[in-house]
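Since the structure comes first, as structure tokens, the remarks are kept for the end.
Throughout, protein chains are lettered first and strands after them, A, B, ... in sequence-line order, and every chain is numbered starting at 1. Given the structure is predicted, the values throughout are model-derived calculations rather than measurements.
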Amino acid sequence: QDDKEVVTVVKVTGENWFTRMEEGVTLYGEEHDGIGTRQVGPARADAAQQAAIIEDLISQEVDALAIVPMDPSTLEGVLRRAMGRGIAVITHEADSLQNTQLNLEAFDNAEFGAHFAEDIAECMGHEGQWTSFVGSLGSLTHVQWADGGEEYMAQFPEMELVSPKNESFNDANRAYELAKEILRAYPDIKGFQGGSAIDVIGIGRAVEEAGLEDETCVYGLGLPQDTSAYLESGAVDGIAFWDPKDAGYVMNILADKFLNGEEIKTGDDLGVSGYEDVTVTDGPGEGKIVRGQAWVDVDASNWSDYPF
Amino acid sequence: MITIESSHNNLDGVAQKVLRNFWVWSAHHPAIFPLFLIVVTCLSVGAINADFWQLSNLFDILRASVVRGLFALGVLVVLASGGLDVSFTAIAAFVMYTLTLFVVNVVPDLGIVPIFGIAGIMGAGLGALNGLLVSYLRAPALIVTIGTQYMLRGFLLTFIGTALFMNIPSAMDAFGRLNIITATAARGSEIGLPVYFLILILAATVTWWMLKHTLIGRAIFAVGGKPDVAERLGYRVKSVRVFVFAYAGLLAGVAGVIHVTANRLANPFDLAGTELAVIAAVVLGGARITGGMGSVVGTMLGVVLITLVSNVLILVGIPSAWQTAILGAFILFAGLFFSQLDRLAMR
Amino acid sequence: MSSRQDFQLLFLVGINAAIIIAAMTLVGERFMTLYNFQSMGTQIPELGLLALGVMLAMISGRGGIDLSGIALANLSGVVAFMIAPMIIAPAVSPVGFLLSFSAIALGVGVIGGAINGMLIGYAGMTPIIVTLGTQLLFTGIAVGVTGGSALQLGYIPVIDDFGNMPLWGVPRTFGVFILIALALAVLLRYTRFGVHLFLMGSNATAARFAGMRVKSILFRTYLLAGVLASIAGIIIAARTSSVKWDYGTSYVLVAILIAVMAGVRPEGGYGRVTCVVLSAIALQLLSSFFNFMQISNFFRDCAWGLMLLLFLANTRVEWSDYVPAILRGRGE
Amino acid sequence: MLDSEHPQGTQAATASPFLETRSLHKHYGGVHALKGVSLRIERGRFYHLLGENGCGKSTLIKIISGAQSSSAGQVLIQGRDMTGLGPIAALGAGIETVYQDLSLLPNLSVAENIGLSEQLVEWSGKLFHRLDLSRLRDSACRALEVVGLPTERAFLSRQVETLPLASRQLVAIARAVASEAGLVIMDEPTTSLTRREVDNLIRVIRRLQSEGAAVLFVTHKLDEARDIGGVGLVMRDGELVHECDVSKATNAEIGYWMTGRELQQGRYRDMQPEKLPPLLEVKGLSLKKAYEEIDLSIAQGEILGVTGLADSGRNELAMTLAGLAPAKTGSVVLGGNALDLSAPDRVIREGVAYVPEDRLAEGLFLEKTISENITMSILDRLRSGFGLVSRSRARQAAQNTLEDLQIVAEDIHAPVSSLSGGNQQRVLIGRWLAAEPRLLILHGPTVGVDVGSKEIIFRIIQSQADKGMGVLIVSDDLPELLQNCDKILVMRNGRIYQTYEAEGLDEHTLYSAVVGD
Ligand SMILES: Nc1ncnc2c1ncn2[C@@H]1O[C@H](COP(=O)(O)OP(=O)(O)OP(=O)(O)O)[C@@H](O)[C@H]1O
Ligand SMILES: Nc1ncnc2c1ncn2[C@@H]1O[C@H](COP(=O)(O)OP(=O)(O)OP(=O)(O)O)[C@@H](O)[C@H]1O
Ligand SMILES: [Mg+2]
Ligand SMILES: [Mg+2]
């Protein structure tokens, strides 16, 4: 009997985030016998290319797919056919997806957004103007974080949200230019919530150039090494992230368990930190959503603990 | 029996004559078009939001114009010779990423001047390859450079690397932070005009001088006007083609390094997809996509216009989602304007 | 020159065969399953239709090209999605919804194609600049009206079946694609418009002197390309059950690659529907083959670029000059 | 035919002529344009290259000046082999050329068009060498002065495309005379010049000659050639057939060498038809800068000739009647109904067919097949089931035309580019005959067509007229008009200058009317 084949399909190959994820994917395969794991992804962030890759994987009759969708809605049809052909479908960052068997969320997205908002509000003394960024409006999770933050802030009447959900298109330079514009349009702004992992880099640069390291509060998703310079200078006050390596690893755990017919229940320990006590709820379709509490807070004091 | 009266020949009214003279005049000064749009945009944005009129804002627009401006100068030169280049972003990405990796890993102490030198040489080499292909495949430059764009980018990402790279060489980092002058913004923060802005000024001056005052410059326009005639009159059409693409490549290489120093990171995925905005800027500046026409002043105004449009939308409260549509409308508007201009000027 | 075209056809058949043989030997029977062929079949139409649009633009000459295809396809989907539910809710009648969706999308295609056609045909603008501008304009409108997010159709069985499920073993969209290609081939070969289009592409001045309505032919050509793009938009929407402004950003190049590989001459006057279809199939086979072989997707971009240049070089070489005279059908 | 071993004519073979060609051959697809041309050109002399349209004059010049490569043969300049070295080498060796199409760069200024090549050649290879503006201006001024154009700044910096045709021609000439060339070649430089400009040009040329340059002049205007004097080189069908002292030869002699037959042959037009119903009535037709107040009429079965110099307005008149250059005022009636001249397709639908002058650029789809070229005008009639064009009917129609017009071709699916000039022209005429027009306009119907083809074409024209088709021939080939027409209109300066009955008219009378002596 051949090894079971589990293929992880990411949004785009090569970005640091997914390079880190691949470590987890590969590790799972190495640590477990009877299962082969690998990761693939399109060369550019294009939903069509991701769909084409999945089509071909279905034809290759892999046993399970673990997918981080570029744009969940465009994959519904493909994934339904995958399941129809007996392929297990595990997804990540796509809790709106109907055609999935298990969707993994590192945490509750609204809570994650609220967490940033909490930091920002604290840092700003619960008053003043703030804004939020998203990689793109199509990135569901980014939007959920921004919404989560907004909801949390509602309790502070003195907090004013301006120009919400600026789209950086995952481009640091774009984020930088947007941040500059916002600083100009709202000279009194103090709070920035980043969306895509690259947003804080752009915002940080704008803040640093304006010499406003001490007056602003910048929090958002980010990777420690990439953001380290701005964390050190204080332009970015704090980041949080979930370790993509763990996410990749856990997706493969879920795939393996699913293939073995094991059920996942609330309270299960998946053996990876942050996923020791998962919550399982029903998704919008037949499938279930598995949530951990896997975010990590990083600031100037501890970024060097993370090698990526 | 009918009498044929064709309407458009009846330009008898004085008003029509003035209008006609205006058209002819603007055909010779195409830079008037972007200038007009810039003034209109500035006035309307300024009227909606007075914050627009800040020195720091001007600095921001100039700073954001540098990389696009360098690209645009290259595109201008290629367009003037009757070609079209869409591979310059790939060249820039290739040069900036490989060079940054090379400097960091091999010669971390390399100064900024040699870095720019190497970038220019690499870019020029890759550009020359474009020129050779266009000459020898005798195919439309657009299609050839689409091909090289994919090849270069694919090669970069397959064989060189994909990782975002934050620890750029110190020389590049320091250069990116050097300012010529700084202005104090509303909140007391300092906004600077970076030194690399001077590179754009330098490149624009050199390009202007080259196009206007050197033999190769005039040869470029000659080839762009009528390549077969130019060939017969003794212009080395092939060399001119290779030269213009190499020149565009050189500027792209330099622009790539500036992109890294300004962003303080090297991301091989960057710059892809910005070609159209650059070509739009050059076309808005009055260069003809069919070759033989175009000016540095017009191009620079076109670049400022595009930067303006993409930077001021937040100030006036237009969602940035509409930016692309506005850009497209601008291109169509400019293309229509200039094509009608050509028709009228040619009678 | 017809021998040149026959050669191109033979060449494309050869390429298809070569890829299949390579896949059989290197991948094995997993490649040769009915399911895989059906899956590839569902992926071909959208690109194939866009490539046919590029072909039409190229045939018409004057540096003809259509860079706005995928933008218009997406815009058609977006606009149709926003308007169609107001006419017939999908829950009431899925078929009615699909029909009104398609009709609106086609309407958008007609309008978009007409804009291109007017500007190129009647205003005399250069195709590159026009389709560059409309590419941005169409994309921009689609971003603007959706605010950038994807719109989900949800699971509507009729639409999903149309987009993804085979009928008598053949994916329906592929069937539609072949029918459209056939119709287009007939249009180009057996109607006045078609015959005139090719002649005009080879010599626009002579066409004007011969009394062809050059402006109107250009207009109709780009209009047709717009309609083909909107059909691609309908197929994309059906296949992915959603519409989004930035779907298929890589299609601009790939459509041009397919056309050039099919021997369509960028200078105008030549191009065959059959060759474009074969070329689209070859590219899909190759693409799937790369996926089966687990070849890096970055490398595939590199390969596409290289292939584009190689095929351009190929059209510059008169291969039949190197074929011994005996092997040539007709002696000199 | 001349060849190098047996030099004939007036000049003695000196040791090393400035330029020598040895059995040059040139093929364009199916056309054998040069068939072994050998000639010698000495410094300080004047040469006239004479010959019928399409006999290969321009081709010969392009090869000498390096703009095209020959298929076989050699070009020697001052004894050095310069074959196929390209235009820069030719310029460097002192050959300056004014091409028939002028070869100006439309988007550059007058000064640049004149003076740039000089500096490019001088600094060849030094890309960034500064453009010497003052020198550019100086040499442009000098050259413009010589040809009698203004020399002020405003003119120097004008874009060439904004100049009128005559000035453009003078600019092209100025460029050639600006440099101290060893050989100045001019391909029909006087076509759009006024008499005064021509006189001026002749003065310029004499000065060049006195400074030791050779001048090679291509012209159709024999009288002009005689005024200038020098060696006449006569070409026929791609061969150099005769060399003579041009001022001593008569028109009839030169005509004989050019065509290989006596000029005035029997008319093809046998009988003057009796009064036939009118077909086309043109009244008061005017087009700005082209022609004014044109009145003419053509009856069914009548053949009308229109001639005049290139700038006489005859070309524009032909274009107007074809719907290609809508007139400003005037009326045109065809068969009793007003004819809408606003677009070619309308004119064609009313039964007017136009065979343009420039077969290659304006008439034929060279890469396309004979069948496609012929049947494109009658696709509507070839429809069968479902309104689709029937391939078999198209084949049949093309085959019929092929036979009717005796077109020599491999088969109807061969590309037109593979045919010889005469057969190409017959394909073009066949296209329009297939459409069965009421009025056939032929613009230069036998330009570049060999004698045999000419005859066939003339017979076709006659038989169509006999069937009742009205024919309008616009041409500068006077014998052709004399042989074929019932009436001949001579146009001058945009107006109809004279109307002649062709029967009994002699070529000299017609010629003087045309050139206006
Ligand atoms: N303006 C017109 N008025 C009347 N009949 C016309 C007109 N234009 C075309 N027709 C006729 O209508 C039919 C269909 O025309 P169609 O539109 O296919 O021509 P077309 O393809 O535009 O011609 P072309 O290619 O020469 O421009 C033909 O029989 C043609 O002769
Ligand atoms: N580029 C070309 N392709 C094909 N045939 C050509 C080309 N140029 C010239 N010919 C053919 O070569 C022959 C000689 O042409 P050429 O232009 O030398 O004639 P010419 O003597 O200059 O005539 P004219 O007096 O009309 O200028 C003609 O039959 C012409 O049709
Ligand atoms: Mg801070
Ligand atoms: Mg000639």
Side-chain angles (χ1 to χ4, degrees), chain C residues 1-6 58-61 121-122 182-220 263-272 315 318 320-321 328-332, chain D residues 318-319 322-325 343-350 352-369 371-391 393-394 410-411 413-418 428 431-432 435 437 441 443:
Chain C
M1 290 280 142
S2 66
S3 65
R4 153 114 232 166
Q5 297 218 346
D6 293 342
M58 281 186 176
I59 290 175
S60 72
Y122 291 105
L182 272 176
L184 191 63
V186 169
L187 181 78
L188 291 183
R189 255 172 108 78
Y190 296 103
T191 69
R192 181 166 126 125
F193 166 73
V195 175
H196 282 183
L197 174 62
F198 281 95
L199 293 173
M200 183 188 83
S202 80
N203 185 346
T205 314
R208 192 169 74 89
F209 273 64
M212 293 184 205
R213 292 176 297 150
V214 171
K215 293 176 178 180
S216 144
I217 297 179
L218 277 173
F219 173 77
R220 282 176 281 167
V264 179
R265 271 215 334 223
E267 298 89 349
Y270 281 108
R272 261 176 98 169
T315 57
E318 193 66 60
S320 50
D321 286 356
R328 269 179 258 164
R330 261 176 307 174
E332 294 281 310
Chain D
M319 303 270 279
L324 289 158
D345 59 298
R346 310 208 170 174
V347 179
I348 292 168
R349 211 173 318 123
E350 295 303 321
V352 179
Y354 173 65
V355 176
E357 184 180 28
D358 187 343
R359 186 168 65 223
L360 302 176
E362 299 166 346
L364 293 165
F365 305 94
L366 282 176
E367 307 152 343
K368 298 293 175 185
T369 65
S371 166
E372 282 170 308
N373 268 282
I374 292 176
T375 55
M376 64 138 294
S377 64
I378 50 166
L379 293 175
D380 290 342
R381 273 194 273 131
L382 302 176
R383 286 186 222 260
S384 58
F386 308 110
L388 299 179
V389 175
S390 149
R391 292 247 142 184
R393 284 205 216 170
E410 207 178 311
D411 72 273
H413 297 300
V416 164
S417 58
S418 68
L428 187 53
R431 169 199 300 169
W432 292 115
I441 304 173
H443 196 168

Under 4.5 Å to a heavy atom of chain D? For C:A207 that would be both
To the nearest 0.5 Å, how far apart are CG in D:D380 and CZ in C:R192? 4.5 Å
Counting only N and O atoms by type, is there a donor-acceptor contact under 3.5 Å from the side chain of D:K368 to the main-chain atoms of C:N203? no
Side-chain contact test, heavy atoms from C-beta onward, threshold under 4.5 Å: evaluate it for C:F209 versus D:M319 and give yes or no. yes
Shortest non-hydrogen contact between C:M212 and D:F365, atoms and distance: CE-CZ, 3.7 Å
Closest approach of C:A206 and D:G363, non-hydrogen atoms and distance? CB-O, 3.6 Å
Is C:R213 reaching over with its side chain to a backbone N or O of D:A343, donor-acceptor style, under 3.5 angstrom? no
Given heavy-atom pairs under 4.5 angstrom as the criterion, report whether the side chain, backbone, both or neither of D:L379 touches chain C. side chain
D:A361 versus chain C, the contacting section by heavy-atom distance below 4.5 Å: backbone
Please state whether the side chain, the backbone, both or neither of D:I348 comes within less than 4.5 Å of a heavy atom of chain C. side chain
Roughly how far, to the nearest 0.5 Å, is CD of D:E367 from CZ of C:R265? 4.5 Å
When you look at C:T191 and D:V389, which way does the side chain to side chain contact (heavy atoms under 4.5 Å, CB included) test go after all the steps? CA-CA 6 Å; C:T191 69; D:V389 175; 5.5 Å; no
Quick one: list whatever passes side-chain contact (heavy atoms from CB on, under 4.5 Å) with D:A394, sequence neighbours left out. D:T375, D:L382
Taking every non-hydrogen pair under 4.5 Å, which of D:E372, D:R431, D:R391 racks up the most with chain C? D:R391
